[in-house]
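Report on the following structure.
All figures in this text were calculated on a predicted structure; none of them were measured in a lab. Both backbone and side-chain heavy atoms feed into the values below; hydrogens, waters and symmetry mates do not.
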Amino acid sequence: MKKMMKIICAFAASTVIALSSSIVACADDTGYTYNYDWWGDVQFSPDAYNVAGVFTTVELGLDKKLNMPAGLFIYERTVYICDTGNNRIVELERTDVDKFELRRIIENFKGGKGPNTLAGPTDIAVTEDGYMYICDKNNGRILKLDMDLNYVMEFTKPSDPNFDQSLSFLPHKLIVDDAGRVYCIATNVNKGLIKFEADGEFSGFIGATKVTYDWTDYIWKKIATKEQREQMESFVPTEYDSIYVDHDGFIYAVTSNVAEADLDAGTADPIRRLNLLGNDILVRNGPWYVIGDLYWGEGGGYDGPSRMTDITAFDNDVYVALDRTRGRLFFYDDQGRMLWTFGGNGNEDGYFKSPIALDHMGFDLVVLDTLDCSITLFTPTEFGSLVYKAIGEFQAGKYTEAGETWQEALKLNGNYDLAYIGIGRSLLRQERYHEAMEYFELKFDADNYSKAFKQYRKQWVEENILFIVLGLVLVLCVPLAIGKVKKIKHEIDIADIFRR
Amino acid sequence: MLASLKKKETYTHYLATLKYSLYCITHPMDGFWDLTHEKRGSIAAANTILIITLIVRIAQLYFTSFIFNTVYWPEINIFLYIASIVFPLALFCVGNWGLTTLFDGKGRLPQIYMATCYAMTPYALIRVPLIFLSNVVTVDEAEFYGVLSGLSLVWVALLIVAAMIQIHEYSVSKTVLFMIASVFAMLVLVFILLLFFSMVSQGIAYFVSMAREIMFRL
């Protein structure tokens, strides 16, 4: 009952504050932004991001419409869009908060063997030392160019026997690490990421997923006829859809090739964070699986689970996955807890037709829509910025400030679980254990609650050690004493000298 | 009835039978024999134990630490929650009685009910301290809670078996066999109840629609 009262009070208080403040972006009925609470219920939330603009051919100042663009890369304030269907790459510069200016169009380059034009480029990466790496998909190569478009080198189909020589090499997505090593996803290759050394040499596959099947499938395969077997899903590792290298050098990878049953059971990992050995080290401490939408209603003609098509990660380890089923963006923090989700399919600003790629500029997000041939720029709202500020302050060790910032965020969204837990963690660091416990209890964070409670219990025992010992002594000695007294009384009663 | 309420012996007998439950759970074989054969138990005490069990179960919802028991309050229906104990208990008593009377069981229905209720004593005895314990342990120490709450159920289960042995004057293997058979008897009862309620509702619906039809025609 006490718990209930607390929740009601907190909710009432936040509602009053939300209504009395005019700057607040209120959660509207359409529910653009939401997240999941501890129970897995959808909790609508104030918008965390606003659309700063949708940029199509006209706004970008292009001579012809983008044609099936597939890749997007942002380096500082420069945006590269792979205009796959037009065989070119568009380079834009963000000149103002909501303004992009066309810098140049990359169609061909100087030098090199083979054709010096691009054929269906699908991805690009730009490194700090000033080189561009381009997935020149239909030419079957990864180009390395300098910023003046001079040919430097290329990565071509590996001659290694590990690479199936009957397949053509179709690099689709790539990333480059600090040492100039190139990791790429190639169409039809399901052994994981193809890794090239900086000198262009193929050095193997990393991050292939383990093939999992349960024994019932195995038995069915054994007794099925050849035709039936061909109808069944084959036990092959999944292909990745996209990759992103974060500031620590870890690789975020997403795959949309996951079975619904596995997602339901929590055994499928559509979002992964790979270390250099290719092991998945994504932290999944949240109350729910890191799989995007938890409920896959068939509303609006869309069904099935979220299919992640691209991912990006901020410097504070918050990562954003892009779902192409419902056109939503899923934000998770470094513990795998959902920050919020927004987006959708539609024609309004902030909705997509077929989102394919995203990247970030600071905390601003750019999403590329391949059917709408546009890019959408999102900027954080007051609420979003507050949450990022709190996360940043906590990571920097400013626990008191982080707690205050979470309080601010709580005023904007009284249903925000992470704010309660954030305040609790801040109080925990400030050694205000009892207050911390209250916040953790409100949002059922048993692990953090236990951490706080352990310290609180220790303090309590230390402060009350005298009473505890006294109590124990009383409990042990009083019955003994009573027994003794009774015994003496009994002996007196039966003693001969008192007998008449 | 009312006259007996005024006598002091009624209360001393009631308290003695209630206290006897503590002897029962520690000496089950001897205890459950005397329970019926020496008339050392009473239905009033059995009812009390059942009510205490129900209260403990509801208290657990409210007072157990959220680490062990998170309650989704919007979905809790307290009457359904009470029925989730009382209904299986009633089914078990009736099902067990129905079977054992056919196979030389000596127990009568009130005796089966009384013994089963007496056997539930450890549940309340262990779960009440557990509520306090749950509020002073962390997740690392959760095993203590798990073991103790499991223990309370195992104890109750063993006591029910012991009670059935003594009441029906069965051998151990026969008792276990009839416990399993009782589960099937309970399923049959559920089936019949479902059938009965659906028949009744269909019957009522028939007369309601007929009455409507007549009203339209008039």
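Under the 3.5 Å distance criterion, the side-chain polar atoms of N35(A) are left unmatched by any main-chain donor or acceptor of S45(A). A donor-acceptor contact shorter than 3.5 Å links the side chain of N413(A) to the backbone of N415(A). Side chain of E441(A) to main chain of E438(A): no donor-acceptor pair is present (N/O by atom type, distance under 3.5 Å, no hydrogens or angles).
Among residues at least two apart or in separate chains, salt bridge (Lys or Arg N to Asp or Glu O under 4.0 Å) pairs with a member in residues 416-427 of chain A are D417(A)-K443(A). Sorted by first and then second residue, the side chain to side chain donor-acceptor pair (under 3.5 Å) pairs with a member in residues 81-93 of chain B form an empty list; sequence neighbours excluded.
Residues of residues 459-482 of chain A placed with any heavy atom under 4.5 Å of a heavy atom in chain B are absent; none qualify.
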Side chains of residues 20-27 of chain B: which donor-acceptor pairs under 3.5 Å do they make with residues two or more places apart or in other chains?
residue: Y20(B); atom: OH; partner: G31(B); partner atom: O; Å: 2.7
residue: S21(B); atom: OG; partner: L18(B); partner atom: O; Å: 2.7
residue: Y23(B); atom: OH; partner: D30(B); partner atom: OD2; Å: 2.5
residue: T26(B); atom: OG1; partner: L22(B); partner atom: O; Å: 3.0
residue: T26(B); atom: OG1; partner: Y23(B); partner atom: O; Å: 3.1
residue: H27(B); atom: ND1; partner: Y23(B); partner atom: O; Å: 3.3

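For N448(A), no part lies near chain B; criterion is any non-hydrogen pair under 4.5 Å.
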